[in-house]
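So you know, we letter chains A, B, ... as the sequences are listed, proteins then strands, and number each from 1. Bear in mind that the values here come from a model prediction, so they are computed numbers and not experimental data.
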Amino acid sequence: MTDRHPGFSTLAVHAGAQPDPTTGARATPIYQTTSFVFNDADHAASLFGLQAFGNIYTRIGNPTNAVLEERVAALEGGTAALAVASGHAAQVVVFQQLLMPGDEIIAARKLYGGSINQFTHAFKSFGWNVAWADSDDIASFERAVTPHTKAIFIESIANPSGSITDIEAIAAVARKAGVPLIVDNTLATPYLIRPIDHGADIVVHSLTKFLGGHGNSLGGIIVDAGTFDWSKDNKYPMLSDPRPEYHGIKLQETFGNFAFAIACRVLGLRDLGPALSPFNAFMILTGIETLPLRMQKHCENAKAVAEFLAGHPKVAAVNYAGLAGDKYNNLARKYAPKGAGAVFTFSLKDGYDAGVNLVSNLKLFSHLANVGDTRSLVIHPASTTHSQLDDAAKVKSGAAPDVVRLSIGIEDKEDLIADLEQALTA
Amino acid sequence: MNHDAYDDNYIRAILNSVKSIAMVGASPVNVRPSYFAFKYLAQRGYDMIPVNPGHVGKSLLGKPFVASLGDIDRPIDMIDIFRNSSHIMPVVDEALKLSPLPKVIWMQLGARDDAAAEKAEAAGMKVVMNRCPKIEYGRLSSEISWMGVNSRTLSSKRAPIPTQGMRLSLNRMSVGGGETAASDRAAKNKSEP
C-alpha cells in the first residue's frame, strides 16, 4: 500500500507529536529542563560532535520545542525547522548563516516596521547591507541584485498593508541570481499560503501571531524548504565549508536537505542564544491545533468588516486584498484562495485626527501593538510600529499617517461591526 | 519500482530484516558522513563491515577494513554504497558475484544509478537510492524529530520503550506524515540537469 499524505488539519493536530513512550502522556509534555543526561561519555561526545540525534541542552534543542518544529515544518511542507524566542530572533539566526560583513540582502519595502528597523539599523552594525525593492515592481528586485547579494526577503502578506506578494515572480528573480528566497509567512500562516510551494527556500514566522494565535506567547521559527544547494557557488561557507567549531564537518554534505535548519541550530542558536522557552512552545503548539478553524473565522470576519468599512461614508479607503476590486485581489485569488488574512488597513476621510479618535472610541477592539490574536486589535502604525520611518518611507511601507491597522479576531462579526460603527459615529 | 519516493514500510522492512551491512567507501575520519552512519548503525546492532582498499590494515570502531566485497568472510545482507553515482555499477557487478547474494543494495544520499538498480533488481535484490540509512532509521524511529526534522510520519500509538538510554525503536507504528515535495523536486532537478 502506498503511503498517503494526510491533510492540513490532521497535520496541525498530529505532526511531530506522539504519545510519550515511557508515560503514555498523550498531550505533548512540557520538558521544563535545562539539560539532558548522557548515557555515557561516548554518547555525550557523539551528541556534541553531531554524530547522534538527541538532546543536550535546551539552548540547542528541547523535546517540547522539537514537536513544535516538526509540526510547523510539516505544515509548511519543509524538511525541518528551528524554533527560537521570537520572529526577530528567527531573522537574525537566518541571516547569520548567510551573510558575512559586506554582504547584502534585497528586501521588500512593504515589511513589518520592526523588520525594517532590524535590517536598517541592527544589521548595519554587523556589516550587513540592505537594498530595498518594491513588491509591486518585480524588476526593482532584479535591478537590486549585485555580486554581494546573498538573499531576497519578502512577506507573503505584508504588514500592515495586507497586500499580497507575487512570490513566484520574486522566486524566479532569486533563482536567476542564485540566492535563496526567504519568505516571512507570519500573516498568512501555512493554512492560507505555503510559500515553499511557490518557490521559497526558507520560511520564517513570528509564532506570536496567528500560529500561536492567542496573544499569550512569543516565539519565532525558521523552516528549511530543503530546496537550496548551498555548496554550488561557494557563496555560503557556513553550510559548504568545514566548520572549525565541529572539527571540520561540512553541514550540507552531512545533513543534506535539512542542513540549513541544522546550521541555524548548531551555529546560530547555539552561539547567539535566543532559545524558545518550552512553556511557550507548548502554548503555541496548543494554538496550532486549531489553526485551520481559527483562520477560517479570522478571514470570514475580516472580509465582513472590510466590506462594512468600504461602504461607510466616513471611510476614505480600505486596503483588503479579499475585497473584489482591491489592487491585490487577483494575487489573493491565486495565492490565498481560502482567504486574504485578517490584517489590513483603512484610512478615514478626516485623516490622522479621525484615526486617533476612532482608536480611542473603540470598546471591543484592543489598542495594542500585536496582530493575530483571538481578540480584534487596532493600532495607528504611523505613530507606533512604523514611527521610526520618515513620512515618505511610511507611505511606501503601507503605513501612511492617515492609516489605521486592524487585526480581526474570532469574535462574532456583528459585534465587531457594531463597535466600529459606534466608534466612527461617536 | 519507483525510486523517486519509497514507502515507509519498504524502508522499515529493509532496516528490520538486514543484520550485516558492508559499507563501501567507509571513512575512518570521524567528521565524514560515512563515519557518522557507520557508527550509528553499529550502535543499533548491525554487523558493520568497512570496505575501503585505502585503509586495509586499519579498523573502524574495532571492525577491520577489507579491500573489497569478495574479501568478506561471511554472508552480507546489505551493501551500503558511500560512493558517488559514477562508481555504483562496479560495486553492483561485484555484489552480483557474491554467494549468497546480498538482499539489498543501498546507495547513499546523492547517489543514484538507475541502470545499476535495474541490474540488481533483476537478480532479486531490493534497491534504495539517494537515501541515508542513518537518516531513515532516525526518521522511522522518530529520533530525528529531536532535531526538528520533519519525519514525515504520524502516530497515535505509544512507541516502544527506548533502549540504551535515548535510542528509539524502529518498530513504531506510524502512517505517512507531511510531504516535502519541493525538496524532492529540487533533488530530482539536480540529478537530471
Side-chain angles (χ1 to χ4, degrees), chain A residues 1-6 10-11 14-16 18-22 24 36-40 43 46 49-55 61 63 65-67 69-70 73-75 77-83 196-197 199 225-229 242 246-250 253-254 256-258 261-262 265, chain B residues 2 5-10 29-33 35-37 39-40 43 109-110 130 132 134-135 138 141-162 164-169 172 174-187 189-190:
Chain A
M1 194 186 97
T2 310
D3 293 337
R4 62 187 300 279
H5 295 305
T10 303
L11 293 176
H14 286 281
Q18 59 184 331
D20 185 83
T22 47
F36 303 83
V37 293
F38 305 119
N39 302 341
D40 51 39
H43 180 227
S46 295
L50 306 181
Q51 294 169 0
F53 310 120
N55 300 296
N65 298 18
V67 174
E69 289 159 351
E70 184 172 1
L75 293 174
T79 52
L82 174 71
I196 291 171
D197 294 343
T227 47
F228 198 82
D229 183 356
Y246 290 103
H247 309 294
I249 288 176
K250 297 177 187 171
E253 176 188 74
T254 306
N257 66 1
F258 53 90
I262 296 289
R265 181 185 304 279
Chain B
N2 171 17
Y6 299 104
D7 285 353
D8 287 351
N9 287 337
Y10 178 74
V29 179
N30 71 358
V31 297
R32 302 297 303 158
Y35 178 94
F36 283 28
K39 182 174 179 182
Y40 182 91
Q43 286 175 334
L109 262 187
N130 189 26
C132 171
K134 176 188 171 185
I135 289 173
S141 68
S142 83
E143 259 183 30
I144 205 167
S145 301
W146 285 324
M147 309 302 288
V149 173
N150 183 357
S151 70
R152 290 174 281 119
T153 63
L154 302 181
S155 180
S156 65
K157 289 280 185 281
R158 185 197 289 212
I161 299 290
Q164 300 169 286
M166 294 163 79
R167 283 171 205 156
L168 297 185
S169 167
R172 166 177 167 258
S174 66
V175 296
E179 36 75 45
T180 54
S183 177
D184 297 343
R185 265 197 311 277
N189 291 341
K190 205 181 154 192

Okay, A/A15 and chain B: the region with an atom under 4.5 Å from a heavy atom over there is both

Side chain / backbone / both / neither for B/Y35 at chain A, heavy atoms under 4.5 Å: side chain

Of the listed A/G199, A/P19, A/A81, the one with the largest count of heavy-atom pairs under 4.5 Å with chain B is A/P19

B/M147 side, atom CE; A/L50 side, atom CG - distance, nearest 0.5 Å: 6.5 Å

Testing the basics here: between A/G78 and B/N150, what is the closest heavy-atom pair and its distance to 0.1 Å? O-ND2, 3.0 Å

With sequence neighbours excluded, residues passing ring-ring contact (aromatic ring centres under 6.0 Å, His included) with B/F36: none

Sort A/V67 into side chain, backbone, both or neither according to what part of it lies under 4.5 angstrom from a heavy atom of chain B. neither

Partner chain B: residue of A/T227, A/N55, A/N257, A/D20 with the largest heavy-atom pair count (under 4.5 Å): A/N55

OG1 on B/T153 to CD on A/E70, rounded to 0.5 Å: 6.0 Å

Please state whether the side chain, the backbone, both or neither of B/R152 comes within less than 4.5 Å of a heavy atom of chain A. backbone

Bottom line for A/F228: the part with an atom under 4.5 Å from chain B's heavy atoms is neither

Heavy atoms, side chains only, cut-off 4.5 Å: are B/R32 and A/E253 in contact? yes

What one should report as the nearest heavy-atom pair of A/G54 and B/W146 is CA-CE3, 3.7 Å

Please flag which part of A/L82 lies under 4.5 Å from any non-hydrogen atom of chain B: side chain, backbone, both or neither. neither

Which bit of B/K157 comes within less than 4.5 Å of chain A, counting heavy atoms only: side chain, backbone, both or neither? backbone

Is B/L154 close to chain A through its backbone or its side chain, or both, or neither, when contacts mean heavy atoms under 4.5 Å? side chain

Option in A/T79, A/L11, A/L75 with maximal non-hydrogen atom pairs under 4.5 Å from chain B: A/T79

